[in-house]
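Working notes for the structure below.
Order of the sequence lines fixes the chain letters, A, B, ..., with proteins taken first and strands second; residue numbering starts at 1 for each chain.
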Amino acid sequence: MKQHELFIYNSLSKKKEKFTPIHKDAVGMYVCGPTVYSNVHLGNCRTFLSFDLVFRYLKHLGYKVRYVRNITDAGHLENDGESGDDPILKKARIEQLEPMEVVQKYTVDFHTIMAKFNALPPSIEPTATGHIYEQIHIVEKIIEEGLAYEKNGSVYFDVLKFNETNNYGKLSGRQIEDMIANTRELAAQTDKKNPQDFALWKKAEPQHIMRWPSPWGMGFPGWHLECTAMSTKYLGNNFDIHGGGMDLKFPHHECEIAQAEACNHTSPVNYWMHANMLTLNGKKMSKSTRNFILPMDMFTGDNDILSKPFSPTVTKFFMYQAHYRSILDFSSEALEASEKGFNRLMDAHRMLNEITISEKSTLDIKSWVKACYDAMNDDFNSPILIAHLFEAVKFVNSLKEEKETISAEDLELLKQTIDDFLFDVLGLEDNVSENSQDGEKLTAAVELLIQLRNTARANKDFAMSDKIRDELASKGIQLKDGKDGTTFSLN
RNA sequence: GGCAUCGUGGCCGAGUGGCUAGGCUCAGCUCUGCAAAAGCUGCUACAGCGGUUCGAAUCCGCUCGAUGCCUCCA
């Protein structure tokens, strides 16, 4: 276990708190996953990448982490009252597919995209449909506690009654009185006692294909229930970290707290973490408003928003240049700026293998390493970490030019730390895959051209040397003349 | 309407009582056959108005503007 004090911003207390896991060396973390009725868009991805960083850093610190992220495949109530519909079912009708066929298709898409982003798979990825029994059991317990009631085959959580002994609204900072005062008039009639109540179990209408038997008849689970069922099943009634997008804070996470407290009499989560939204044109990316971009369309460049394609790793790097709790706006200019910085970072990383060592170091490497950890320990501040990595880039470039020096021991430490943060913690990937066979072939070919060009230059055949250089540049291969010869990078 | 968050230099984005991000862009210099790359130098910002303080981008109040949630949403 690395001896560093980690601080996490807890949405519940609205403060940064020292992180102390329930069990000394193990961490339980639950993150609300995607609803698989359509392709994940880039905004969805930001949240999962934010928590991939958390997962990776906790593991890097030496914790044994059980990371549970659900797949919502059961569909939920879309609207209140009679207009209620299940998005998965809806999609199934449109595409003439079995509901589980839709689920399968978009689950595969989700996994493909996350793999392209080099996000680690969670330890457990449970599905809502696989935990119907557990969900029914929780409903029964809440009814036993007297905090839920059945009406016409549906079961609702009694928020007002719960609030008599508990605090409903503590996560989102809402007062129940305000909520009552601001209740909108609903045209549709409802079985709820109060508008604040939410469904735990919903009766299935005849046309509703996704349905399961329950003590209250054929139906399906309410939309907050699966997370309570699956988080407590795999992590216990009280666990360390619960994450999700900011937009889930209310009502979803508020309801999760209520459900868990109602049936387990304990606060379910010690640290609530919320990742902020990715915006496009200053507005939240959202399927329903059609303001979004699909990851695949940005990797291929097949979109009207960006000037060029961007790789998954550059996209991720761009996201990590902003803090996870800040809103991040998405634009071609910002992406291009990140891409250039990213390439410089990777060039410097490759250059680390060509450094000559000296007796002494002209930079205090240990302090620099500490600064990197300090950044991450301050609520996973990746932008600060990246700023420090760029300081290292400057230093490495100067080493290459022999304007600075480094000892063998410090070089080892520098290399190790850069590797750790770049690849283990940030989970970035070098686009010039030097390990792959194709990469080796490319390197061999370009190096031959570099030799030919240098021969031409020696013979003052600048027409030829410039032709080689410019033709390669136009293909995205940039030659760089340095003190000890020529290297290249891909743009 | 209610609850919350935010407004930082040409752009993107950290910071959150005194030192001072970082990336991209731009200008000059060094290097170079010329470039590019790299390095060096330069560009000093915190929406507005009050207040607290020896001192505020940072705390408090108000104003303006934006966003999120209150309905499915990461």
Checklist entry - With respect to the side chain of A:I384, which nucleotide from B:A21, B:A36, B:C3 is positioned closest? => result B:A21
Item to check | Nearest-angstrom distance, C1' atom, B:C59 to B:C46 | outcome: 16 Å
Checklist entry - Side-chain N or O of A:K283 less than 4.0 angstrom from OP1 or OP2 on B:U67? => result yes
Item to check | Options B:A14, B:C12, B:A74, nucleotide nearest the side-chain atoms of A:A334 | outcome: B:C12
Checklist outcome for this item: When A:L42 and A:L479 are each assigned the nearest nucleotide of RNA chain B, the 5'-most assignment goes to A:L479
Checklist entry - Just checking A:K287: base, sugar-phosphate only, or nothing, at a heavy-atom cut-off of under 4.0 Å? => result nothing
Checklist entry - Where does the angle between the aromatic ring planes of A:H252 and A:W223 fall among parallel (under 30°), tilted (30 to 60°) and perpendicular (over 60°)? => result parallel
Checklist entry - Just checking, A:K480 and A:F488: is the charged tip under 6.0 Å from the six-membered ring centre and within 45° of the axis? => result no
Checklist entry - Of the nucleotides B:G23, B:A74, B:C34, which one has an atom closest to the side chain of A:D481? => result B:C34
Item to check | Heavy-atom pair of closest approach, residues A:S172 and A:F250 | outcome: OG-CD1, 3.3 Å
Checklist entry - Closer to the 5' end of RNA chain B via nearest nucleotide, is it A:L328 or A:Q175? => result A:Q175
Item to check | B:G33 base stacked by A:F462 (centroids within less than 5.5 Å, tilt under 30°) | outcome: yes
Checklist entry - Contact class for A:D347 (heavy atom, under 4.0 Å): base, sugar-phosphate, or nothing? => result nothing
Checklist entry - Which listed nucleotide (B:A14, B:A74, B:U16) is nearest to the side chain of A:D247? => result B:A74
Checklist entry - Paired with B:G18 by Watson-Crick or G-U wobble geometry, both distances under 3.5 Å: which nucleotide is it? => result B:C54
Checklist entry - What does B:A45 pair with, Watson-Crick or G-U, if both distances are under 3.5 Å? => result none
Next on the checklist: Checking base pairs now: Watson-Crick or wobble, both atom distances under 3.5 Å. What partners B:U67?
Outcome noted: B:A4
Next on the checklist: Can you confirm whether the side chains of A:Y9 and A:H323 place a donor and an acceptor under 3.5 Å from each other?
Outcome noted: no
